[in-house]
Amino acid sequence: MLKYLLLIPFLSFGQFYKYATIYGGGSLNATMTPIETFEYNGELVNTTDNDGANYRFQIGIKKLSRYKFEKKPKFYYDGLEHNVSQYRSPVSKFEYLLQYERIKQYGREFNNHTIWFRYVGEYTSTKIISSNNGYIDLVYKSLDSRFKYDLRNFRLSVGGVLRFHPTYGLNPFKNDFPNYNDFVETATALGYEQEFYYIDANQNGHLDRLEQSFYRWIKDGNIVAQNNAQFIQYYGSIPTRYNLKKLDELGNQYSISGVVGLSYYYYQDNYFILAYGNYFFINKEITEHGSTSNDYDYGVIANYKLSKTLSIYTQIEYLNYFGRENKNMNIGLNYIILWKD
């Protein structure tokens, strides 16, 4: 995502930045102290995992026509002003958001990005999105086109969404090996081989009564487990690797959906509140493994102005796309760019 943010300086014309908002926020917390673990291999070695602190940081730039930051020219109106309507937005039709997140949770690190551009007409809106949420493994690109109707503080929108996404909701391992609980049969079908061997302690070339014997497992000439107990542990990692390989081979898919959205926006001089929700009520596969899930999202965004250029914001959102859920709450600071022509 950083490479996209680096493109911003090249978009150097003033109207791209005017009334745009730079924002950032984050959280940091220590992890629970782990229980100490040890291994003994001639000496006692401490093997305790120390994942360090969990964190979540966010930075972005956005320009949204709903957020009415335009200043009144005076404390009173004399009828000669050009921009006197409190309902007039400082952003004309074109909106965008570029956001990057870095997350660390229990030793695992993730990069998220959200990029979208939207054109809002009198009765229509068109939006293109690129989203990658590594935290919940949700990746998609979409083209969203809708008709809209505004009534006071409410906006109703209805239209269609074309989405480009990886294959979701498919488990190739379970589909290809319905008897997957029988690890011997499944492993054999996957090309693993059992080989009988024994420890010939007296080197007489025979398996004697007190000598140990095993079945070790071999794949492509390599020993993957020295006995069944080891292979049972190894077998637990096979479905994940198999699914990743097969899903990668299937590639990305196309889906088309009908969508309805409803939002409510309330604005005062020093704060605003926006509540919204979207529901994908009709879903069709364009490619073989497109999505038919009834996805939805909703959220609340609030902003309180501290000064002419600085404000504090919070955002709460819930998303359920392609069977993946994301609950998110952010709080941070906005810096508003008041570009002078």
Side-chain angles (χ1 to χ4, degrees), residues 15 18-21 23 60-73 76-77 79 81-97 99 114-129 131 142-163 256-284 293-305 311-321 326-330 334 336:
Q15 289 302 315
K18 188 175 182 180
Y19 295 111
T21 301
Y23 62 95
I61 181 170
K62 62 187 175 184
K63 186 173 182 179
L64 304 177
S65 64
R66 291 179 177 275
Y67 300 176
K68 303 177 177 67
F69 290 116
E70 190 171 40
K71 290 290 185 179
K72 296 177 182 178
Y76 63 93
Y77 294 139
E81 295 80 13
H82 295 291
N83 301 317
V84 298
S85 172
Q86 79 175 73
Y87 296 105
R88 179 182 180 276
S89 168
V91 179
S92 177
K93 297 183 179 180
F94 176 69
E95 305 173 325
Y96 62 82
L97 179 143
Q99 178 176 293
T114 302
I115 304 170
W116 60 254
F117 298 91
R118 176 167 56 196
Y119 181 83
V120 182
E122 185 175 2
Y123 298 108
T124 62
S125 69
T126 302
K127 184 177 182 180
I128 58 174
I129 304 173
S131 180
S142 68
L143 173 63
D144 184 322
S145 183
R146 308 189 194 189
F147 293 100
K148 69 179 182 68
Y149 179 73
D150 294 330
L151 178 63
R152 297 178 183 262
N153 293 339
F154 290 91
R155 171 175 291 180
L156 175 67
S157 61
V158 180
V161 180
L162 175 66
R163 292 188 287 179
I256 191 167
S257 306
V259 63
V260 59
L262 180 65
S263 65
Y264 173 80
Y265 177 66
Y266 183 76
Y267 171 80
Q268 292 295 319
D269 286 344
N270 61 342
Y271 73 92
F272 70 78
I273 297 174
L274 170 66
Y276 66 90
N278 297 283
Y279 179 66
F280 296 75
F281 59 93
I282 297 175
N283 301 277
K284 300 291 184 183
S293 61
N294 295 105
D295 300 337
Y296 58 92
D297 63 79
Y298 55 84
V300 177
I301 303 171
N303 197 97
Y304 185 81
K305 190 176 297 183
S311 63
I312 187 171
Y313 77 91
T314 185
Q315 180 174 359
I316 302 170
E317 61 183 357
Y318 176 81
L319 175 149
N320 191 321
Y321 284 180
N326 189 35
K327 301 174 184 178
N328 193 23
M329 178 176 179
N330 291 318
N334 289 326
I336 305 155

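By convention here, the first residue in the shown sequence is residue 1. Because only heavy atoms are used, hydrogens play no part in the values below, and waters and symmetry mates are left out as well, while side chains stay in.
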- Message: Are the side chains of Thr114 and Lys62 in contact, using a 4.5 Å heavy-atom criterion?
- Response: no
- Task: Quick one: closest heavy-atom pair of Asp297 and Leu319, and the distance?
- Result: CB-CA, 4.1 Å
- Got a second to check how far Phe147's CZ is from Leu156's CG, nearest 0.5 Å? 12.5 Å
- Contact summary for Gly261 and Asn278, nearest pair of heavy atoms: CA-OD1, 3.5 Å
- Decide if atom OH of Tyr123 counts as having more than 12 heavy atoms of other residues, nucleotides or ligands within a radius under 6.0 Å. no
- Item | The single option from Val259, Leu162, Ile129 passing side chain to side chain contact (heavy atoms under 4.5 Å, CB included) against Ser142 | Ile129
- Query: Rounded to the nearest 0.5 Å, how far does OH of Tyr271 lie from CG of Asn303?
  - Reply: 12.5 Å
- Message: Parallel, tilted or perpendicular: which one describes the rings of Phe117 and Phe94, with boundaries at 30° and 60°?
- Response: parallel
- Message: Do Ser293 and Asp295 pair up side chain to side chain, a donor and an acceptor below 3.5 Å, judged on atom types alone?
- Response: yes
- Task: State, to 0.1 Å, how close Phe280 and Asn294 come at their nearest heavy-atom pair, and which atoms those are.
- Result: O-ND2, 3.4 Å
- Asp150 side, atom CG; Ser263 side, atom OG - distance, nearest 0.5 Å: 7.5 Å
- Task: Answer yes or no: is there a side-chain heavy-atom contact under 4.5 Å between Thr314 and Tyr304?
- Result: no
- Query: Below 4.5 Å, heavy atoms only, C-beta onward: do Tyr96 and Ile61 meet side chain to side chain?
  - Reply: yes
- Query: Are any of the side-chain heavy atoms of Ile256 and Ile282 separated by less than 4.5 Å?
  - Reply: no
- Interatomic distance, Lys327 atom NZ to Ile316 atom CD1 [nearest 0.5 angstrom]: 13.0 Å
- Do the two ring centres, one from Phe154 and one from Tyr264, sit under 6.0 Å apart? yes
- Do Thr126 and Leu143 come within less than 4.5 Å of each other through their side chains, counting heavy atoms only? yes
- Task: Please name the pair of heavy atoms, one in Ser157 and one in Arg146, separated by the smallest distance, quoted to 0.1 Å.
- Result: OG-NH1, 3.0 Å
- For the residue pair Tyr318 and Tyr296, establish whether any side-chain heavy-atom pair is separated by less than 4.5 Å. yes
- Note on the structure: Checking Val158, Val120, Thr124 against Lys148 for side chain to side chain contact (heavy atoms under 4.5 Å, CB included), the one that qualifies is Val120
- Interatomic distance, CZ@Arg118 vs CG@Leu97, rounded to 0.5 Å, equals 9.5 Å
- Message: For the OH atom of Tyr276 and the CZ atom of Arg155, what is their distance to the nearest 0.5 Å?
- Response: 14.5 Å
- Would you check if Lys305 and Phe272 make a side-chain contact, meaning some heavy-atom pair closer than 4.5 Å? no
